[in-house]
Trainee: 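Please find one structure pasted underneath; my questions will follow.
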Amino acid sequence: MTANIIDGKLVSEQIRGKLRGEIERLKESGVTPGLAVVLVGEDPASQVYVRNKARSCEQLGMYSEVHRLPAETSQVDLLALIEKLNEQSEIHGILVQLPLPKHIEEKAVIEAISVDKDVDGFHPENVGRLVVGEECYVPCTPAGVIELLKHADIEIAGKHAVVVGRSNIVGKPVSILLLQEHATVTICHSKTANLQEVIQSADIVVAAVGRPEMIAAKHLKPGAVVIDVGINRLADGRLVGDVDFEDAKQVASYITPVPGGVGPMTITMLLKNTVEAARRA
Ligand code: GUN
């Protein structure tokens with residue numbers, strides 16, 4: 001058996017097609033959805049992400065502005081910029097690209113973003129709403145994971161979903177979303193005992209650890225659904241996920257590639273959240 005490949009680019013295109021119509025309607029009523037992206041420092045991967053986010057906004061007819069600040073920017077100056085963006089009516093969503101330089105406290109920055117403009121869904125108030133099942137901005141990558149599962153018509157309810165990784169950006173929120181879809185969820189991390197056995201018991205595996213190709217066919221239950229959130233650049237320049245794709249696809253029933261799986265969905269969900277923010281405003 002070889003797995004069905006879930007094409008994140010295709011699903012993204014379908015969702016962006018729908019968003020385009022919504023953006024047109026909002027513009028007719030005098031509102032152009034606007035996103036501000038803030039990048040501090042010169043991290044090469046972050047520069048690529050930020051460029052892609054801004055370009056995707058423009059392709060859909062949204063307004064975007066990118067604030068590129070030097071790595072030595074003070075926390076006070078960054079917070080002042082966020083305060084200004086909070087007040088600007090043409091900006092509906094604010095995203096501060098992570099990670100931030102070490103001298104800046106991530107928590108202070110996330111909490112400075114207006115809850116109503118927190119299209120990343122990282123503000124503790126949005127996280128709290130997510131946990132209790134209230135309306136909120138759902139973090140983009142986790143939302144993208146669920147969309148991919150739904151587009152592939154994969155039953156989540158009653159399944160054992162194993163999330164490998166416990167970050168605030170992916171592991172924790174995607175676990176909550178899977179739970180809301182009635183999966184039985186196990187969250188694994190670096191201290192998990194018998195990691196292999198746990199992964200082997202999974203109907204759905206979400207890999208979000210940042211370790212190149214750590215999950216292979218031998219770790220998987222035959223027929224498992226494998227969603228790979230990892231994006232790792234190898235020394236030879238190749239981009240690979242946390243899953244050994246060529247190997248794992250021999251036993252999985254569905255699998256996402258890297259690139260072209262979860263990656264495009266993250267930006268699409270960001271655009272969706274920004275359109276939603278504009279509609280609410
Ligand atoms: N860095 C890696 N992923 C993300 C994300 O989804 N949002 C932000 N702001 N930074 C990130």
Side-chain angles (χ1 to χ4, degrees), residues 8 12 15 34-57 64-69 71 73 75 78-79 81-82 85-86 91-102 104-115 117-127 130 136-148 163 165-177 206-211 227-233 239 241-242 256 258-259 261-274 276-277:
S12 262
I15 297 172
L35 174 71
V37 181
V38 181
L39 172 63
V40 187
E42 279 94 43
D43 178 65
S46 292
Q47 285 179 333
V48 174
Y49 295 144
V50 163
R51 205 179 311 128
N52 287 342
K53 285 167 184 173
R55 198 175 50 200
S56 301
C57 280
S64 79
E65 54 185 48
V66 179
H67 298 261
R68 291 185 177 82
L69 308 179
T73 300
Q75 180 166 317
L78 177 57
L79 293 178
L81 171 62
I82 292 170
L85 295 170
N86 281 341
I91 296 298
H92 304 101
I94 302 170
L95 178 145
V96 179
Q97 186 66 29
L98 304 177
L100 288 165
K102 292 207 166 33
I104 297 177
E105 198 196 348
E106 202 174 278
K107 175 175 140 65
V109 172
I110 289 172
E111 291 180 12
I113 297 171
S114 158
V115 178
K117 297 190 178 187
D118 173 36
V119 284
D120 251 332
F122 293 165
H123 191 288
E125 188 171 327
N126 273 314
V127 178
L130 180 74
C136 63
Y137 293 111
V138 178
C140 305
T141 302
V145 168
I146 301 296
E147 284 287 333
L148 285 179
V163 177
R166 56 173 157 181
S167 68
N168 288 338
I169 295 183
V170 184
K172 286 182 202 168
V174 83
S175 302
I176 298 295
L177 293 176
V206 178
V209 256
R211 280 181 50 194
I227 306 291
D228 190 353
V229 180
I231 303 179
N232 309 288
R233 180 75 68 182
L239 206 58
D242 293 348
T256 61
V258 175
V262 175
M265 292 299 289
T266 297
I267 297 187
T268 299
M269 294 297 109
L270 172 69
L271 302 174
K272 187 170 174 232
N273 281 350
T274 305
E276 179 58 31

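Whatever order the structure lists ligands and atoms in, that order sets their numbers, starting from 1. Note: hydrogens, waters and symmetry copies are ignored here, and every other heavy atom, side chains too, is used.
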Trainee: L95 heavy atoms, cut-off 4.0 Å: which ligand 1 atoms fall inside?
Mentor: 9 (N)

Trainee: In terms of atom number and element, which parts of ligand 1 are under 4.0 angstrom from non-hydrogen atoms of Q97?
Mentor: 1 (N), 9 (N), 10 (N), 11 (C)

Trainee: If the test is side-chain contact (heavy atoms from CB on, under 4.5 Å), which one of N232, I231, V258, V206 qualifies with D242?
Mentor: N232

Trainee: How far is atom 10 (N) of ligand 1 from its nearest protein heavy atom, and which residue and atom is that?
Mentor: L98 N, 3.0 Å

Trainee: Report yes if some heavy atom in the side chain of I15 is under 4.5 Å from a heavy atom in the side chain of M265; otherwise report no.
Mentor: yes

Trainee: Hey, is F122 one of the residues with a heavy atom under 4.0 angstrom from ligand 1?
Mentor: yes

Trainee: A side-chain contact here means heavy atoms from C-beta on lying under 4.5 Å apart; do D118 and I94 qualify?
Mentor: no

Trainee: Do any N/O atoms on D120 end up under 3.5 angstrom from N/O atoms on ligand 1?
Mentor: yes

Trainee: To the nearest 0.5 Å, what is the distance between OG on S12 and CD on E147?
Mentor: 9.5 Å

Trainee: What atoms of ligand 1 come closer than 4.0 angstrom to any heavy atom of V96?
Mentor: 8 (C), 9 (N)

Trainee: With a 4.5 Å limit on heavy-atom distance, are the side chains of N126 and L130 in contact?
Mentor: no

